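Everything below concerns the one structure shown next.
Since this is a predicted model, take the numbers as computed values, not measurements. All heavy atoms count here, side chains included; hydrogens, waters and symmetry mates do not. Throughout, residue positions are numbered sequentially from 1 according to the sequence presented.
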Amino acid sequence: MVPAADVLHDLGGGYLGPAFGDGHAHPLFAGLEDVGPQIRQCTNLDEILDAIAKWADAHPGDGWIVGASYDATLAENGYFDARWLDLVVPDRPVLLRAWDYHTVWVNSMALEIAGITTDTPEPERGRIIRRADGTPLGTLCEPGAIDLVTVHVTDHSQDTMVAALSRATATFAEAGVSWVQDAWVETGSLDTYLAAARQGALHTRMNLAFRADPTRWEQQLPDFALAKDRVLAADEKLLSAHTIKFFLDGIVESHTAHMIDAYADFPGSRGLPNWEDQALIDAAIAVDAMGFQLHIHAIGDAAVRQGLDTIEAVLAANGPRDRRPVMAHLQTIAPKDLARFGELGVIANFEPLWAQQDPVMTNLTFPRLGDERASRQFQIGEIAASGVRVTFGSDWPVTHHHPLLGIGTAMTRTGVADPGGKPLAGALYDVTDALESYSTQVAYQAFAEHERGTLASGQLADLVWMASDPRTSADNEVAGLKVLGTWLAGKPTHLAIPDRVSEGTR
């Protein structure tokens, strides 16, 4: 007998499970990529320059041209020259973000506007890539250098940003996602998120993580408290704001991830830490005492250790509570630090799509790390086997937003585009565990395990419908499974086959 229901939906033999959650992403940045020149799919330098030239012709004027995200492997060492952009746009400032969002490529006019010259000192928490004669090349790494330029770029209108959030969350919904941790929000952008929620422009739940700035975190504390109170007062069911984001370092590929030992191809450098140890501890203790959850970006093994040390200090200073600190990315972890995640109750958030031998890994990452460190990247299975809660995220738009691509990669350690390629070293991840890391465990990260994240009576109907069961599919087929439907608290946010819906009976 069919139970009483408001709506009956014929799944046609497909698979129904708890909707996916994305434990670390940047939906506003992803949506804004549609606003500028389309360079994400460009496969060589000429294609990028052609896209920039066409966009400039279609949008005449003297304003900034801002685009994302170019493939850093298209130039040696990931370093791009301003003079290449000058060939197509010499008379307007151009700023292009790399796929990593830790690096930008600018033209000569942008460097001139920012006042970046041969005499410009190396900024704190940033790096200006230079030619042999000391002149700036046109590639800038990390906020200390990037912000010299972005401070001159006009912000998008609120309407543009609301539309970007709408596009991005609709894209997530089509992929079966119902909750997203927005892992980089400035308090000055809060009005955009509140407007999107009021206008019904959000198609997923969203939790905001406000970025703590190492240069002014003490001044930010009142803003954090006010922002959190504003979101609570707005009482928008899809929006929450209980997290603070800390960037501890950069990325391996630009030598800005903070490493315990020097880079294999840069013997004098161990990377670029963003925080002094004591300042980080003081800031984390302060925001934890305000009731915020910590969300920590750590890629290099030294940054991972610094993050663990900080959480340990927070526990000692503020005492026990249900805080669920998150450390994200965790590309390299020193062996002696693996056990500390469980001891400190840290949630390990990985972006599983990174755990593959793609051109970035082969051309940039491996040479930076050397064989030993390269062999212990993204230790997802090892961390999970120790009893630590593992959550998955996409880091979109850094990499693809679709959970099934990440799940398939976690299971095989090979890329979707090269399924027969050599797997990246490390333990493979079981499909059931991978599904839970993108659903049940993310619900725990969101403090929402009692209301969603499992397929059980009494839980909110945040659901995903797939054409077939990933648990019984071949490992190399999981990434290609089709999402046919997504529900958010029982309401469809995506239906590929709407004619299967019929009215139920009570």
Side-chain angles (χ1 to χ4, degrees), residues 72-82 97-106 111 114 116-149 214-215 246-280 296-310 329-337 354 359-378 425:
T73 67
L74 300 180
E76 185 177 0
N77 283 318
Y79 299 158
F80 288 69
D81 197 313
R97 291 191 181 274
W99 47 260
D100 54 54
Y101 273 74
H102 287 256
T103 311
V104 301
W105 171 26
V106 297
L111 290 171
I116 300 174
T117 69
T118 306
D119 298 326
T120 302
E122 202 67 5
E124 285 190 47
R125 303 176 182 87
R127 182 172 293 154
I128 300 169
I129 305 301
R130 301 176 188 270
R131 302 184 183 96
D133 63 0
T135 56
L137 178 68
T139 299
L140 308 173
C141 303
E142 300 301 328
I146 295 170
D147 290 350
L148 297 174
V149 176
T215 67
F246 292 85
F247 281 97
L248 300 198
D249 65 346
I251 60 170
V252 169
E253 292 72 27
S254 63
H255 298 105
T256 56
H258 189 200
M259 309 302 300
I260 293 172
D261 298 314
Y263 282 92
D265 62 345
F266 196 168
S269 175
R270 296 193 302 112
L272 196 65
N274 286 328
W275 289 80
E276 299 293 338
D277 289 344
Q278 193 58 52
L280 176 62
I296 298 173
H297 164 116
I299 283 186
D301 49 13
V304 173
R305 181 169 294 173
Q306 184 186 34
L308 293 168
D309 289 347
T310 298
H329 308 320
L330 307 173
Q331 185 163 352
T332 56
I333 306 171
K336 66 183 291 185
D337 290 325
W354 297 3
V360 173
M361 188 68 68
T362 302
N363 299 333
L364 297 177
T365 312
F366 284 171
R368 309 292 194 250
L369 293 178
D371 292 343
E372 190 277 325
R373 284 181 299 201
S375 71
R376 54 178 169 87
Q377 292 184 85
F378 307 115

Exercise for review: Find the distance between OG1 (T310) and CG (L248) and round it off to the nearest 0.5 Å.
Suggested key: 6.5 Å
Point to revise | V149/V104 under side chain to side chain contact (heavy atoms under 4.5 Å, CB included): CA gap, chis, key distance, verdict | key: CA-CA 10 Å; V149 176; V104 301; 5.8 Å; no
Check your understanding: More than 12 non-hydrogen atoms from neighbouring residues, nucleotides or ligands closer than 6.0 Å to CD on E76, yes or no?
Key -> no
Review point. With side chains defined as the heavy atoms from C-beta onward, is the minimum distance between K336 and R305 less than 4.5 Å?
Key: yes
Check your understanding: Just by distance, do the side chain of R127 and the backbone of E122 share a donor-acceptor pair under 3.5 Å?
Key -> no
Point to revise | Q377 side chain to T332 side chain, donor-acceptor N/O pair below 3.5 angstrom | key: no
**Study point:** A334 backbone acceptor or donor facing D301 side chain under 3.5 Å
**Key:** no
Check your understanding: For A262, what residues pass the side-chain contact (heavy atoms from CB on, under 4.5 Å) criterion, not counting sequence neighbours?
Key -> R270
**Study point:** Over all atoms of both residues, closest heavy-atom pair of Q306 and D277
**Key:** NE2-OD1, 2.9 Å
Point to revise | Minimum side-chain heavy-atom gap I129-P136 below 4.5 Å | key: no
Review point. With side chains defined as the heavy atoms from C-beta onward, is the minimum distance between V252 and R368 less than 4.5 Å?
Key: yes
Check your understanding: Considering residues at least two apart in sequence or located in another chain, which fulfil the side chain to side chain donor-acceptor pair (under 3.5 Å) criterion with Y263?
Key -> none
Check your understanding: D133 and T135: side-chain donor and acceptor closer than 3.5 Å?
Key -> yes
Review point. Going through the checks in order, is the side chain to side chain contact (heavy atoms under 4.5 Å, CB included) test met by W354 and H329?
Key: CA-CA 9 Å; W354 297 3; H329 308 320; 3.4 Å; yes
**Study point:** Rounded distance [0.5 Å steps], CD1 in I333 versus CG in L308
**Key:** 8.0 Å
Point to revise | Atom pair CG/OH of L140 and Y79 - distance to nearest 0.5 Å | key: 12.0 Å
Exercise for review: Please assess I146 against R125 for the test side chain to side chain contact (heavy atoms under 4.5 Å, CB included), listing each intermediate value before the final yes or no.
Suggested key: CA-CA 10 Å; I146 295 170; R125 303 176 182 87; over 6 Å; no
Exercise for review: Heavy atoms only: give me the nearest D249-E142 pair and the separation to one decimal.
Suggested key: O-OE1, 4.5 Å
Review point. For the residue pair W99 and T73, what are the closest heavy atoms and their distance?
Key: NE1-N, 4.4 Å
Point to revise | Gap separating the OG1 atom of T139 from the CG atom of D81, nearest 0.5 angstrom | key: 7.5 Å
**Study point:** Side chain proximity check, V304 to L330, heavy atoms < 4.5 angstrom
**Key:** yes
Review point. Shortest non-hydrogen contact from T120 to T117?
Key: OG1-N, 2.8 Å
Exercise for review: Supply the atom-to-atom distance H258 NE2 to L272 CG, rounded to the nearest 0.5 angstrom.
Suggested key: 9.0 Å
Point to revise | Backbone N/O of I251 and side chain of T256: donor-acceptor pair under 3.5 Å | key: yes
Check your understanding: So does D261 pair up with R373, basic N to acidic O under 4.0 Å?
Key -> no
Exercise for review: Verify side chain to side chain contact (heavy atoms under 4.5 Å, CB included) between E253 and V360, making sure each step is shown before the conclusion.
Suggested key: CA-CA 8 Å; E253 292 72 27; V360 173; 3.8 Å; yes
Revision key, fill the gap. Shortest non-hydrogen pair, F80 vs G78, comes out as CD1-O, 3.4 Å
Practice item. Drop me the distance from C141's SG to D100's CG, to the nearest 0.5 angstrom. Key: 8.0 Å
Practice item. Identify the heavy atoms of A374 and F366 that sit nearest to each other, and give their distance. Key: CB-CD2, 3.7 Å
**Study point:** N/O donor-acceptor pair under 3.5 Å between W105 side chain and A98 backbone
**Key:** no
**Study point:** Polar side chain donor-acceptor pair, N274 to H297, under 3.5 angstrom
**Key:** no
